[in-house]
Amino acid sequence: MAQVSLTFPDGSKRDYDAGVTAAEVAASISKSLGKKAISAQVDGAHYDLQWPITADASIAINTMADDAPALELIRHDLAHIMARAVQEIWPDVKVTIGPVIKDGWYYDFDRTEPFTPEDLGAIEKKMKEIINKRDAVRTEVWDRDVAVKYYQDRGEPYKVELIESIPGDEPLRMYWHGDWQDLCRGPHLQHTGQVPGDSFKLMSVAGAYWRGDSDRAMLQRIYGVAFKNKEDLRKHLNMLEEAAKRDHRKLGREMDLFHMQEEAPGQIFWHPNGWKIYTTLQDYMRRQQEKGGYVEVNTPQVVDRKLWEKSGHWEKYQENMFIVEVDEEHAREKAINALKPMNCPCHVEIFKVGLKSYRDLPLRMAEFGSCARYEPSGALHGIMRVRGFTQDDAHIFATEDQIASECQKFIDFLSEIYRDLGFEKFDILFSDRPETRAGSDEVWDKAETSLLEATRAAGIEPTLNPGEGAFYGPKLEFSLTDAIGRVWQCGTFQVDFVLPERLDATYIGQDGAKHRPVMLHRACLGSFERFIGILIEEHAGKLPFWLAPRQVVVASITSEADDYVHEVVETLVKAGVRAEADTRNEKINYKVREHSLGKVPVILAVGHREVEERTVSVRRLGQKQTSMATLDEIVSELSVAAKAPDLL
RNA sequence: GCUGCUGUAGCUCAGUGGUAGAGCACUCCCUUGGUAAGGGAGAGGUCGACAGUUCAAUCCUGUCCAGCAGCACCA
């Protein structure tokens with residue numbers, strides 16, 4: 001019999017008969033390891049204990065102590081156990097796929113009746129029964145024809161389609177959890193009892209398209225979370241509760257930052273507090289851009305379709321645009337306009353006025369551009385995904401050989417801004433050509449290559465995000481994560497050879513001839529709206545002092561201190577601090593509670609003692625202890641704290 | 001946009017086929033209180049919109065609108 005040589009993590013090697021399973025290998029090492037083994041890494045691949053090993057390889061036996069494989073197996077087995085439970089309760093439900101995801105798994109079903117929350121309870125109960133049965137998990141490799149016939153006979157069309165889409169040279173693997181069978185590439189545990197029955201929870205049911213295609217059937221997806229033990233599950237559920245408290249929609253209401261209403265879906269009514277954050281951030285960005293060599297412009301909101309036709313938006317982007325038709329009787333001329341969904345065409349129009357020389361490049365043209373996009377209703381989300389928003393947008397008109405240095409410059413620029421705003425870490429994705437796009441393949445080749453090279457030259461190896469580029473060019477995406485773990489694209493850097501061509505932008509080169517500039521689209525915050533949403537969630541509403549809309553409340557303890565309260569407020573306001581008085585007829589406890597809930601970073605309480613000594617009692621948000629300070633001390637401290645980081 | 005759920009006072013929510021309730025917030029009064037809710041009184045709702053069924057609809061049915069979760073979308 002042929003032999004295979006297996007290398008263990010400690011470097012030792014042992015020979016086994018070819019076709020040996022990881023289960024047998026584990027048992028050969030020690031009885032206890034044989035019992036504890038749950039899977040193996042064979043040449044780095046996650047192997048089921050039952051799979052035969054047919055070639056020399058490195059091997060490491062996994063036990064429940066190994067987090068990553070253990071969690072993967074638990075979650076994957078739970079996906080199967082859940083599908084089995086569902087089919088045991090409702091035999092006519094059709095099964096599809098059920099992968100492991102972050103913190104858990106999901107499984108998509110086709111069933112006419114919707115699953116209800118009560119159903120989830122019933123499924124969970126049935127799953128626990130299955131776990132308690134400790135049914136053996138068994139696997140076999142099947143012939144394609146046999147598998148197709150099996151699922152055709154069982155009336156499982158989704159499985160048939162899945163098999164047909166699996167490349168012909170890949171073996172088809174079947175798994176049984178007890179008598180219940182599913183097509184699955186594995187690996188799995190050895191019996192259902194290995195899954196901890198008290199550490200999972202079915203979370204929700206929602207629609208999901210078959211194969212992620214909105215033209216195909218809508219299935220019902222049940223989500224579950226699972227961990228190795230009860231304590232981890234408890235921690236996870238607790239984390240979700242904490243995350244819900246940071247939700248910017250909730251905090252936006254509690255801090256009186258903004259509201260939204262039916263008459264203007266996806267658009268924001270900024271209240272004074274929220275608008276203060278917005279303008280503070282905008283002032284900061286304006287200063288940074290001036291330092292960064294940008295010029296600021298402003299362009300029209302309502303623009304004739306003719307320009308959008310030229311730019312390509314009318315063709316590629318129309319369904320996302322607000323179209324404005326002017327009533328003929330009142331119009332001087334018949335016109336169809338659109339609210340601008342992007343600023344780029346208008347910036348090109350500014351560039352085109354007058355002759356531009358190569359000496360003018362790179363020309364960095366910035367606008368806090370208000371855009372309107374008709375986003376699908378289901379995409380709207382608080383102030384993070386809206387229909388009316390303002391980008392910190394800029395377009396850099398440059399020569400091709402300036403792309404790399406501008407890319408480098410931008411990454412430095414953005415990094416400093418993110419650091420100032422408290423984001424040390426962010427994800428960078430490289431998105432290449434989408435299916436719907438403008439421009440030839442040659443142009444795309446050039447754009448993708450130059451952007452990727454420029455990024456690498458800046459010392460960054462971005463994660464590839466295939467097919468997600470803008471319709472006019474590839475992009476780098478700088479993403480931040482919200483409280484609930486959703487990732488949002490904020491910053492972006494895009495190379496565009498298409499729009500300058502379509503709108504015929506030129507500059508006069510050193511040779512005296514006309515040349516086509518390349519256009520670099522870029523944004524740091526992305527949109528003020530989204531970025532503020534992220535800021536709120538990142539800080540759980542407790543914004544850094546300089547960004548806090550209400551920085552200081554001076555609260556009287558007795559009404560006899562009211563005059564002094566107003567004096568303190570006035571002094572602080574003069575020193576550039578956002579301070580307000582609270583001389584209401586309420587106890588100090590009440591005021592402290594209210595302003596703490598309102599996330600005011602500093603509460604200054606004053607009573608008889610402070611009036612006499614010309615001091616204040618300082619209470620900082622999140623701290624129970626108070627301290628005393630003289631009026632001069634607190635004013636000089638807070639006036640510094642109120643400055644934006646770039647002004648320090 | 002799709003699937004499911006939801007829509008009652010500013011907020012959080014209860015409730016009923018006979019046109020509605022709580023707590024907090026709000027207004028007024030009492031209280032001048034030392035660091036996360038002092039006491040009392042009062043005001044406040046076309047029960048998301050429009051149709052239909054019914055003697056009678058906030059409640060049942062339908063359509064629409066908006067929100068929530070997920071999917072799809074996301075320049």
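In what follows, chains carry the letters A, B, and so on, assigned in the order in which the sequence lines appear, proteins first and then strands, with residues in each chain numbered from 1.
- Side-chain proximity of A:Glu262 to the nucleotides B:G48, B:U35, B:G38 is greatest for B:G48.
- Pair check for B:A66 finds B:U6; Watson-Crick or G-U wobble, both atom distances under 3.5 Å.
- At whole-Å resolution of the value, CZ in A:Arg387 and P in B:C65 are 11 Å apart.
- Contacts of A:Leu597 with the nucleic acid, taken as non-hydrogen atoms under 4.0 Å apart, include base atoms.
- Residue A:Ser559 is the one, among A:Arg530 and A:Ser559, whose nearest nucleotide of RNA chain B lies closer to the 5' end (criterion: closest heavy atom).
- Across all strands shown, A:Lys624 has heavy atoms under 4.0 Å from sugar-phosphate atoms exclusively, and none from any base.
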Q: Apply the test ring pair (Phe, Tyr, Trp, His ring centres under 6.0 Å) to residues A:His521 and A:Tyr472: give CA-CA distance (whole Å), side-chain angles for both, the deciding distance (0.1 Å), then the verdict.
A: CA-CA 10 Å; A:His521 306 240; A:Tyr472 48 73; 4.3 Å; yes
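- At B:G1, one or more side-chain N or O atoms of A:Ser377 fall inside 4.0 Å of OP1 or OP2 (strictly under the cut-off).
- When heavy atoms are screened at a 4.0 angstrom cut-off, A:Tyr590 is found touching the sugar-phosphate backbone but no base atom.
- Of all nucleotides present, only B:C26 satisfies the Watson-Crick or G-U wobble test against B:G42, with each distance under 3.5 Å.
- With B:G70, B:U35, B:G34 as the candidates, the nucleotide lying closest to the side chain of A:Tyr223 is B:G70.
- Not one side-chain nitrogen or oxygen of A:Tyr106 sits closer than 4.0 Å to the OP1 or OP2 atom of B:C71.
- For B:G67, its base never sits under 3.5 Å from the side chain of A:Gln261 at any donor and acceptor pair.
- Using a 4.0 Å cut-off, no side-chain N or O of A:His381 falls inside it from OP1 or OP2 of B:C74.
- Backbone-only engagement by A:Ser214 is indicated by non-hydrogen atom pairs under 4.0 Å involving sugar-phosphate atoms exclusively.
- At a threshold of 4.0 Å, the pair A:Glu610-A:Arg614 does not count as salt-bridged, since none of the basic side-chain nitrogens sits closer than that to a carboxylate oxygen.
- Of the side-chain N and O atoms in A:Arg211, none sit less than 4.0 angstrom from OP1 or OP2 of B:A72.
- Taking only distance into account, the side chain of A:Tyr209 meets the base of B:G1 through a donor-acceptor pair shorter than 3.5 Å.
- Spacing between atom CG of A:Leu219 and atom C1' of B:G4 amounts to 13 Å, rounded to whole angstrom units.
- In this structure, A:Thr390 OG1 and A:Glu367 CD are separated by 9.0 Å, a value rounded to the nearest 0.5 Å.
- Put simply, the side chain of A:Asp392 reaches to within 4.5 Å of the side chain of A:Phe368, judged on heavy atoms.
- Taking 4.0 angstrom as the limit, A:Arg249 places a side-chain polar atom (N or O) nearer than this to OP1 or OP2 of B:C68.
- Comparing atom distances between the A:Ala379 side chain and each of B:G34, B:G4, B:C73 picks out B:C73 as nearest.
- If you check every strand for non-hydrogen atoms under 4.0 Å, A:Lys316 touches nothing.
- Among the heavy atoms of the strands lying under 4.0 Å from A:Pro114 are primed sugar atoms or P, OP1, OP2 only; no base atom is included.
- For B:C73, its base sits under 3.5 Å from the side chain of A:Arg385 at one donor and acceptor pair at least.
- Of all nucleotides present, none satisfies the Watson-Crick or G-U wobble test against B:A37 with each distance under 3.5 Å.
- Here A:Phe269 and A:His259 bring their ring centres to under 6.0 angstrom of each other.
- In this entry the distance linking CD of A:Glu113 with C1' of B:U3 reads 14 Å, nearest Å.
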Q. Where do A:Phe413 and A:Tyr294 land on the ring pair (Phe, Tyr, Trp, His ring centres under 6.0 Å) test, with the steps shown first?
A. CA-CA 12 Å; A:Phe413 184 74; A:Tyr294 291 82; 5.6 Å; yes
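- B:A37 and B:G15 are spaced 30 Å apart, taking the P atom of each and rounding to whole Å.
- For A:Phe115 and B:C71, the CZ to P distance is 18 Å, given to the nearest whole Å.
- With a cut-off of 3.5 Å on both Watson-Crick or G-U wobble distances, the partner of B:U54 is given as none.
- Distance check: A:Phe322 CZ to A:Lys340 NZ gives 15.0 Å after rounding to the nearest 0.5 Å.
- Between A:Arg253 and the phosphate of B:U12, there is a side-chain N or O to OP1/OP2 separation shorter than 4.0 Å.
- Contact annotation for A:Glu477: no contact, since no heavy-atom pair falls under 4.0 Å across all strands.
- The 5' end of RNA chain B is approached more closely, in terms of each residue's nearest nucleotide, by A:His608 than by the other of A:Leu380 and A:His608.
- Among the protein residues, A:Asp213 comes within range of no part of the nucleic acid, since none of its heavy atoms lies under 4.0 Å from any strand.
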